[in-house]
Protein chains: 2
Amino acid sequence: MALGDAILACLTERPMTGYELAKTFDSSIGFFWKADHQQIYRELSKLRDRGHIQGREVVQSGKPNKLVYTLTPEGRTALRHWAARPSTPPSIKDDLLVRLHALDSIDVEPMRTDLMARLEHHRDRHANYERILKKRFPDGTAEGRLDLGNLLLLRLGARHEQMVADFCEEALEALSATSGKATVVPLEEGKREKG
Amino acid sequence: MALGDAILACLTERPMTGYELAKTFDSSIGFFWKADHQQIYRELSKLRDRGHIQGREVVQSGKPNKLVYTLTPEGRTALRHWAARPSTPPSIKDDLLVRLHALDSIDVEPMRTDLMARLEHHRDRHANYERILKKRFPDGTAEGRLDLGNLLLLRLGARHEQMVADFCEEALEALSATSGKATVVPLEEGKREKG
DNA sequence: GGCGCATATGCGTCAATGTGCATATGCGGT
DNA sequence: ACCGCATATGCACATTGACGCATATGCGCC
């Protein structure tokens with residue numbers, strides 16, 4: 001039940017609707033955690049049933065009415081209880097790693113293409129973190145406890161992306177050295193499976 | 001369908017039984033990917049139904065007979081097809097990050113305890129990666145394509161653990177500076193929820 | 001002789017997650 | 001008039017994952 005707690009954590013900042021939460025999960029927290037709107041609405045219903053959050057309907061014209069969710073005292077307590085439990089270190093579970101493990105049984109060219117795309121992706125995200133860091137923490141220090149948490153969060157994100165980007169570069173270099181050496185028969189076009 | 005492909009990737013090395021795969025997922029690949037034996041057996045059944053792997057029963061005395069699974073040509077092709085698709089960058093999804101985001105609504109002491117445990121955990125893993133690297137790649141270079149993949153894999157693992165460990169240290173330092181400042185009422189004993 | 005352990009495979013259930021589809025409406029473009 | 005888009009919420013289904021439990025047997029320990 002981690003997504004529920006992530007939502008509670010978001011609601012400590014300010015009351016939000018499911019729609020807003022979905023957008024939040026598309027930016028700030030969402031850099032670390034992916035969740036689409038259905039997942040969030042479902043979790044919101046559960047949290048409401050448990051009494052951890054309270055919904056207040058706001059009538060709107062031209063748009064559907066919205067439900068603004070607020071943390072209840074029970075919700076705050078639940079969040080604190082959850083945060084007091086030891087965390088479980090997550091595993092990485094990146095397709096890239098599995099492919100590396102079977103590197104001599106797969107085709108190098110798609111792997112190189114993928115590594116290049118990933119390199120760009122992680123560089124973009126890194127730049128994004130750095131941009132936000134410069135904007136929110138120009139002098140690299142935080143004042144309150146909330147700010148401290150977000151500063152640390154952004155720093156971790158930046159470092160992580162930096163590290164993965166470096167890794168992609170290194171892997172590409174290493175692959176260049178052996179490229180075309182033991183390449184298997186190319187895949188026939190039109191036979192590739194899709195996601 | 002990523003676990004299935006991870007299993008196919010493992011079977012490129014050598015034929016294995018479900019039991020052996022479970023142990024593999026507890027060590028080498030398992031550093032990045034957690035899967036218990038039930039999950040693996042279920043996935044093996046699916047892969048067998050698809051014709052990606054072939055089971056050969058080996059009669060044993062004293063122990064239950066074992067099923068040694070081998071990659072079929074179809075399985076190899078499926079793995080190559082899968083590896084030719086672009087990978088999706090995974091999200092981090094670490095409880096620690098959620099807690100940091102809500103840092104001013106939770107208790108610091110359990111957070112510090114947790115960070116210390118995590119620091120130890122990631123240091124241990126880092127040491128483990130370094131140990132394996134020194135043993136398998138004493139001069140830091142790989143010969144074949146398979147070795148190259150594993151070298152890169154271990155290097156990524158080592159760097160990742162190093163980075164997270166550094167982060168834990170930094171977070172602990174930063175928390176020390178503010179500790180006891182805005183601490184909320186401590187949780188009552190016996191009221192903590194469990195996993 | 002009973003207990004736990006390693007070997008070896010598997011079922012059942014539930015929570016978490018992912019994907020597609022449904023509904024309702026105003027606004028701006030073609 | 002119709003289409004797509006942003007706003008706003010939600011159901012249904014399938015897959016994946018986590019957890020407990022079941023079965024079968026030989027071996028060493030106390």
Side-chain angles (χ1 to χ4, degrees), chain A residues 1-8 15-27 30 32-50 53 55-69 82 88-95 98 193-195, chain B residues 1-7 15-27 29-30 32-50 53 55-69 82 88-95 98 193-195:
Chain A
M1 212 288 282
L3 175 61
D5 294 298
I7 289 175
L8 292 182
M16 276 191 266
T17 68
Y19 194 79
E20 283 175 299
L21 277 166
K23 275 192 293 184
T24 301
F25 270 80
D26 223 46
S27 56
F32 308 99
W33 204 301
K34 281 289 153 216
D36 54 34
H37 73 276
Q38 286 93 340
Q39 224 178 122
I40 287 164
Y41 283 120
R42 205 185 333 174
E43 206 61 40
L44 283 172
S45 305
K46 279 192 216 169
L47 290 171
R48 190 175 41 190
D49 291 346
R50 281 195 205 112
I53 56 174
R56 191 171 46 86
E57 191 167 14
V58 174
V59 181
Q60 298 188 121
S61 59
K63 297 174 222 176
N65 296 343
K66 60 181 175 183
L67 270 164
V68 182
Y69 287 105
W82 170 77
T88 49
S91 32
I92 307 185
K93 267 193 194 184
D94 192 326
D95 288 356
V98 178
E193 287 160 21
K194 58 188 169 72
Chain B
M1 217 286 283
L3 176 61
D5 295 297
I7 289 175
M16 276 191 264
T17 68
Y19 193 79
E20 284 175 300
L21 277 166
K23 275 193 294 184
T24 302
F25 270 81
D26 223 46
S27 56
I29 270 274
F32 307 100
W33 204 299
K34 282 290 151 214
D36 55 34
H37 75 274
Q38 285 92 342
Q39 226 178 120
I40 287 164
Y41 282 121
R42 206 186 337 170
E43 206 61 41
L44 283 172
S45 306
K46 278 193 218 167
L47 290 171
R48 190 176 40 190
D49 292 347
R50 281 195 205 111
I53 56 174
R56 189 172 47 84
E57 193 167 12
V58 173
V59 181
Q60 299 189 121
S61 59
K63 299 173 218 176
N65 296 343
K66 58 183 179 184
L67 271 163
V68 183
Y69 287 104
W82 171 76
T88 48
S91 32
I92 309 188
K93 269 197 192 179
D94 192 326
D95 288 356
V98 177
E193 286 160 26
K194 59 185 168 72

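Each chain gets a letter, A, B and so on, in the order the sequences are listed, and its residues count up from 1.
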Is there a side-chain contact between [X] and [Y] in this structure, where contact means two heavy atoms from C-beta onward sitting under 4.5 Å apart?
X: A:Phe32; Y: B:Lys93; answer: no
X: A:Ile53; Y: A:Leu44; answer: yes
X: B:Thr24; Y: B:Met16; answer: yes

Indicate whether OP1 or OP2 belonging to [N] is found under 4.0 Å from a side-chain N or O atom of [X].
X: B:Tyr41; N: C:dT9; value: yes
X: A:Ser45; N: D:dG10; value: no
X: A:Lys46; N: C:dA16; value: yes
X: A:Lys23; N: D:dA6; value: no

Just by distance, do the side chain of A:Glu20 and the backbone of A:Thr17 share a donor-acceptor pair under 3.5 Å?
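At least one qualifying donor-acceptor pair exists.
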
Please confirm whether the backbone N or O of A:Gly30 pairs with a side-chain atom of A:Lys34, one donor and one acceptor, at under 3.5 Å?
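Yes, the answer is positive, given that a donor and an acceptor are paired below the 3.5 Å cut-off.
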
Taking atom [atom2] of [N] as reference, at what distance in whole Å does atom [atom1] of [X] sit?
X: B:Gln39; N: D:dG20; atom1: CD; atom2: P; result: 14 Å
X: B:Asp95; N: C:dA16; atom1: CG; atom2: P; result: 12 Å
X: A:Trp33; N: C:dG18; atom1: CH2; atom2: P; result: 10 Å
X: B:Arg56; N: C:dA8; atom1: CZ; atom2: C1'; result: 16 Å
X: B:Ile7; N: D:dG17; atom1: CD1; atom2: P; result: 10 Å
X: B:Leu47; N: D:dT15; atom1: CG; atom2: P; result: 14 Å
X: B:Asp5; N: D:dG17; atom1: CG; atom2: P; result: 11 Å
X: B:Glu20; N: C:dA8; atom1: CD; atom2: C1'; result: 11 Å

Is there a donor on the side chain of B:Gln38 or the base of C:dG10 sitting less than 3.5 Å from an acceptor on the other?
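It does, because a donor-acceptor pair links the side chain of B:Gln38 to the base of C:dG10 below 3.5 Å.
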
Check: C:dT17 base within 3.5 Å donor-acceptor of A:Arg42 side chain
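Indeed, a donor on one side and an acceptor on the other fall under 3.5 Å apart.
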
Mapping A:Lys34 and B:Tyr69 onto DNA chain C by nearest heavy atom, which one lands closer to the 5' end?
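Closest to the 5' end, via its nearest nucleotide, is B:Tyr69.
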
Reading DNA chain C from 5' onward, which residue's closest nucleotide shows up sooner: B:Lys66 or B:Lys93?
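First, find each residue's nearest nucleotide; the 5'-ward one identifies B:Lys66.
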
Which nucleotide, C:dT9, D:dG10, C:dT19, lies nearest any side-chain atom of A:Asp36?
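Ranking C:dT9, D:dG10, C:dT19 by closest atom to the A:Asp36 side chain puts C:dT19 first.
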
Nucleotide nearest B:Tyr19 (side chain, heavy atoms from C-beta), chosen from D:dG10, C:dG10, C:dT7
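Side chain of B:Tyr19 sits closest to C:dT7.
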
